[in-house]
Amino acid sequence: MSVVSAISAAEAIDHSRAGNAVMVDARPQVVRHQGSLPGAFVVEPSELPDLLSPTPTGTFPVIRDAGEARRKKIARDTEIAVVSVSSEAPRIAEQIADLGYTNVRYVDGGYRALRSTT
């Protein structure tokens, strides 16, 4: 298993706004009724391997937001800040890191921490 680490909500927001990180909202659809995260890419947890797996030639994909037409190319070392249900965030971050990404972190405190920071 890969090693991932926590990132504070304030750091995740700062990194994302500065364009230094991609925030991935991997909360299950049934939980996203709590609200949206501006700038985050919405991905169903069950779809992560399909959306983020490297291609057969070894290139990393372009992530597409589920609800919008936004797209962003993600490199192997792109910082990815995962937001999910707190108990699931480390596991989801590990799942992404296991696909070959080297800079995956999970937002400590999840959605609630992000909402209280903004």
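The analysis underlying the following values was restricted to heavy atoms, covering all of them including side chains, and did not include hydrogens, waters or symmetry mates.
In this structure, CG on Asn103 lies 12.0 Å from CD1 on Ile96, to the nearest 0.5 angstrom. With rounding to the nearest 0.5 Å, the separation of CG in Asp98 from CG in Leu48 is 12.0 Å. Atom OG of Ser16 and atom CD1 of Ile80 lie 12.0 Å apart (nearest 0.5 Å). Atoms CZ and CG, from Phe41 and Leu51 in turn, are 11.5 Å apart once rounded to the nearest 0.5 Å. Once rounded to the nearest 0.5 Å, the distance linking OH of Tyr101 with CZ of Arg76 reads 10.5 Å. A distance of 10.5 Å separates CD in Glu79 from OG1 in Thr102, rounded to the nearest 0.5 Å.
Closest of all the heavy-atom pairs between Ser36 and Pro38 is O-CD, 3.6 Å. Here the shortest heavy-atom pairing between Thr117 and Ala9 reads OG1-CB, 3.5 Å. Nearest heavy-atom pair across Ala26 and Pro45 is O-CG, 2.9 Å. Residue Ser87 comes nearest to Pro90 through the heavy atom pair O-CD, 4.1 Å, listed as atom of the first residue, atom of the second, then distance. Annotation for Ala6 and Asp108: closest pair CB-CB, 4.2 Å, computed over non-hydrogen atoms. Minimum heavy-atom separation, Ala81 to Ala12: CB-CB, 4.2 Å.
Arg105 meets the side chain to side chain donor-acceptor pair (under 3.5 Å) test with Ser5; sequence neighbours excluded.
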Before giving the answer on side-chain contact (heavy atoms from CB on, under 4.5 Å), spell out for Tyr111 and Leu37 the whole-Å C-alpha distance, their side-chain angles and the decisive distance to 0.1 Å. CA-CA 8 Å; Tyr111 175 79; Leu37 294 169; 3.5 Å; yes

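Ser53 places a side-chain N or O within 3.5 Å of a backbone atom of Pro49 that can act as its donor or acceptor partner.
Between Arg91 and Glu88 a salt bridge is recorded (basic side-chain N to carboxylate O distance below 4.0 Å).
Within the structure, every pair that satisfies the side-chain hydrogen bond (donor to acceptor under 3.5 Å, both in side chains) test and touches residues 20-32, not counting sequence neighbours, is listed here: Asp25-Arg27, Arg27-Gln34, Arg32-Glu44.
There is a path of hydrophobic side-chain contacts, each under 4.5 Å, that joins Val43 to Leu99.
Here the options are Val107, Val22, Val104, the test is side chain to side chain contact (heavy atoms under 4.5 Å, CB included), and the partner is Val82; only Val104 passes.
A heavy-atom distance below 4.5 Å is not found between the side chains of Ile92 and Tyr106.
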